[in-house]
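Lettering follows sequence order; numbering is per chain, from 1. All values reported here derive from a predicted model rather than from experimental measurement.
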Number of protein chains: 2
Amino acid sequence: MGRPPRTSRAEIMAAARRLIDRDGWERLTMRRLAAEAGTAPTTLYHHVRDKDDLLTQLLDDYAERMPRPAMPADPRERVIAAATIIRETLAAWPWAVEMLTHDNQVGRSALWMVEMVLASAVECGCSPEQAVDLYRSIWYYTAGEILIRANRGRRQAENTDANPRDDRIRAVDVAELPQLAALADRWADLTSRDTYALGLRSLVDGFLQTLPTPG
Amino acid sequence: MGRPPRTSRAEIMAAARRLIDRDGWERLTMRRLAAEAGTAPTTLYHHVRDKDDLLTQLLDDYAERMPRPAMPADPRERVIAAATIIRETLAAWPWAVEMLTHDNQVGRSALWMVEMVLASAVECGCSPEQAVDLYRSIWYYTAGEILIRANRGRRQAENTDANPRDDRIRAVDVAELPQLAALADRWADLTSRDTYALGLRSLVDGFLQTLPTPG
DNA sequence: ACCTGAACACCGTTCAAGT
DNA sequence: ACCTGAACACCGTTCAAGT
């Protein structure tokens with residue numbers, strides 16, 4: 001029962017996706033993955049170099065599935081739109097961001113979005129160098145937003161009556177920290193709103209405004 | 001030899017700091033920490049609830065050591081200055097950011113910096129809600145920058161001749177990705193520059209510019 | 001060629017037992 | 001009260017042996 005390859009790369013990847021979607025990204029271990037794929041843990045090492053290699057391949061596969069919707073004609077709006085797609089794609093799979101900050105390569109199949117930001121920025125009047133600077137600023141902002149938001153969600157799930165975490169904000173010294181004290185009650189609400197678009201637009205507008213207007 | 005407490009919280013924290021500074025944040029384990037502190041791993045659990053608790057205490061201690069330099073008079077410059085201090089403080093200890101995105105509470109002793117941003121933003125003409133939005137945008141940008149930069153450094157160290165990682169950018173399709181192709185040779189240089197201040201200023205300027213000018 | 005069990009060198013944490 | 005060894009339930013990875 002078994003001379004032809006019984007376990008394929010595709011099967012392993014599919015099992016990994018199932019595992020992540022069902023149990024969460026942090027529960028993906030080689031041993032559990034092997035169980036999910038129906039093989040021995042050691043067999044996996046015939047198809048991937050190590051766990052890092054597995055994750056990289058997983059990420060590339062995911063990036064390939066990313067939608068490539070039509071882009072607005074206005075270049076500035078195109079920068080915004082491209083960033084928003086990056087953000088929405090990654091927000092749906094926040095583990096990918098954790099991966100991206102660790103193995104910081106965007107993956108071949110996501111490069112078209114980097115290109116989109118760069119080309120649009122140049123159309124807005126940026127030099128190539130400035131385009132890279134803008135792209136990097138947007139990426140920092142986006143990666144930070146997703147990471148923090150993802151872990152916020154996870155923390156909220158754990159935040160039972162037994163271990164409340166917001167006491168620090170609540171018990172704030174009114175004299176020394178008046179703004180925080182005044183906002184303490186509304187802090188949870190205020191920080192749970194989605195303000196990604198607002199900050200993104202501020203960043204892009206603020207960056208482009210320093211350039212000489214074309215024409 | 002041993003009825004009075006031989007191991008104190010302070011000793012454990014000092015050992016943890018030594019371990020992190022010497023071997024790096026990812027090498028901090030309960031077992032290694034115990035060895036460094038000269039006790040049994042199980043003894044640690046008398047002084048901290050679990051590893052997460054240890055890290056939180058470690059972070060609070062660190063935040064307390066943070067400098068509180070004089071702030072500029074101009075409120076907009078104060079926003080910039082406060083953010084820059086956050087960034088510089090955390091950049092010196094990047095593991096803290098990783099911690100912060102996981103256990104997303106700034107720590108009591110860092111709250112004065114949040115207050116600084118909020119109060120300055122209000123002085124710039126923000127409503128309290130807008131001040132929170134600006135603070136959050138800045139925090140996303142800052143956290144992302146530090147995380148990505150920290151892991152960039154780590155990756156560079158590992159990037160031997162044997163496993164080059166920049167091939168993706170180099171082997172880019174000139175027809176489909178012209179901007180990237182044109183920048184390929186300079187990509188490493190361009191992305192290693194420190195552009196934190198530039199992006200921060202863009203973000204703050206872009207945000208504040210949408211407000212009605214006071215006076 | 002492909003798969004496997006046993007083994008190595010680790011983790012965080014609990015708990016009954018020691019002083 | 002404070003500390004401890006043994007143990008539990010895990011990790012990623014290697015390697016010699018099996019079909």
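- Using bins of under 30°, 30° to 60° and over 60° for the plane-to-plane angle, the ring pair Y62(B)/W93(B) lands in the parallel bin.
- What separates CE of M30(B) from C1' of dC8(D) is a distance of 17 Å, to the nearest Å.
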Report all side-chain donor-acceptor pairs from residues 33-43 of chain B shorter than 3.5 Å, counting only partners two or more places apart or in another chain.
unit_1	atom_1	unit_2	atom_2	d
E36(B)	OE1	R22(B)	NH2	2.5
E36(B)	OE2	R18(B)	NH1	2.7
E36(B)	OE2	R22(B)	NH2	3.0
T43(B)	OG1	A40(B)	O	3.4

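- Taking atom C1' on both dC11(D) and dC8(C), the two are 12 Å apart, rounded to the nearest angstrom.
- No side-chain heavy atom of E145(B) sits under 4.5 Å from any side-chain heavy atom of R136(A).
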Check against side chain to side chain contact (heavy atoms under 4.5 Å, CB included), L58(A) and L28(A): CA-CA 12 Å; L58(A) 215 46; L28(A) 176 67; 4.3 Å; yes
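- Between the CG atom in L183(A) and the OG1 atom in T191(A) there is a gap of 10.5 Å [rounded to 0.5 Å].
- D52(B) has its CG atom 8 Å from the P atom of dT13(C), to the nearest Å.
- The pair E129(B)-R193(A) does not count as a salt bridge, with every side-chain nitrogen at least 4.0 angstrom from each carboxylate oxygen.
- Partners of Y196(A) according to the ring pair (Phe, Tyr, Trp, His ring centres under 6.0 Å) rule, which considers only residues two or more places apart in sequence or in another chain, are Y141(A).
- In this structure, CG of L28(B) is placed 16 Å from P of dC10(C), rounded to the nearest angstrom.
- Regarding K51(B), its NZ atom lies at a distance of 9 Å from the P atom of dC11(C), rounded to whole Å.
- The interatomic distance linking H46(A) (NE2) with dA17(D) (C1') rounds to 12 Å, in whole Å.
- Contacts of residues 9-19 of chain B with DNA chain C (heavy atom under 4.0 Å): none.
- In this structure, Q130(A) contributes its side chain and S127(A) its backbone to a donor-acceptor pair below 3.5 Å.
- Separating the CG atom of D50(B) from the P atom of dG12(C) is a distance of 11 Å, rounded to the nearest angstrom.
- The backbone N or O of L54(B) sits nowhere less than 3.5 Å from a side-chain atom of Q57(B) that would complete a donor-acceptor pair.
- Remark: DNA chain D takes part in the stems C:4-8 with D:12-16, C:12-16 with D:4-8, each of 3 or more antiparallel Watson-Crick or G-U pairs, criterion distances under 3.5 Å.
- Distance noted for atom C1' between dA17(D) and dC2(C): 13 Å (whole Å).
- Taking 4.0 angstrom as the limit, H47(A) places a side-chain polar atom (N or O) nearer than this to OP1 or OP2 of dC3(C).
- When rounded to the nearest whole Å, the span between CD of E26(B) and P of dC11(C) equals 13 Å.
- Distance, D23(A) CG to dC11(D) P: 11 Å, rounded to whole Å.
- Crowding of R17(A) atom CZ: a count of heavy atoms from other residues, nucleotides or ligands under 6.0 Å exceeding 12.
- D23(A) pairs by the side chain to side chain contact (heavy atoms under 4.5 Å, CB included) definition with L19(A), R27(A), R32(A), not counting sequence neighbours.
- Contacts between residues 31-42 of chain B and DNA chain C, defined by a heavy-atom separation below 4.0 Å, involve R31(B), R32(B), T42(B), listed by number.
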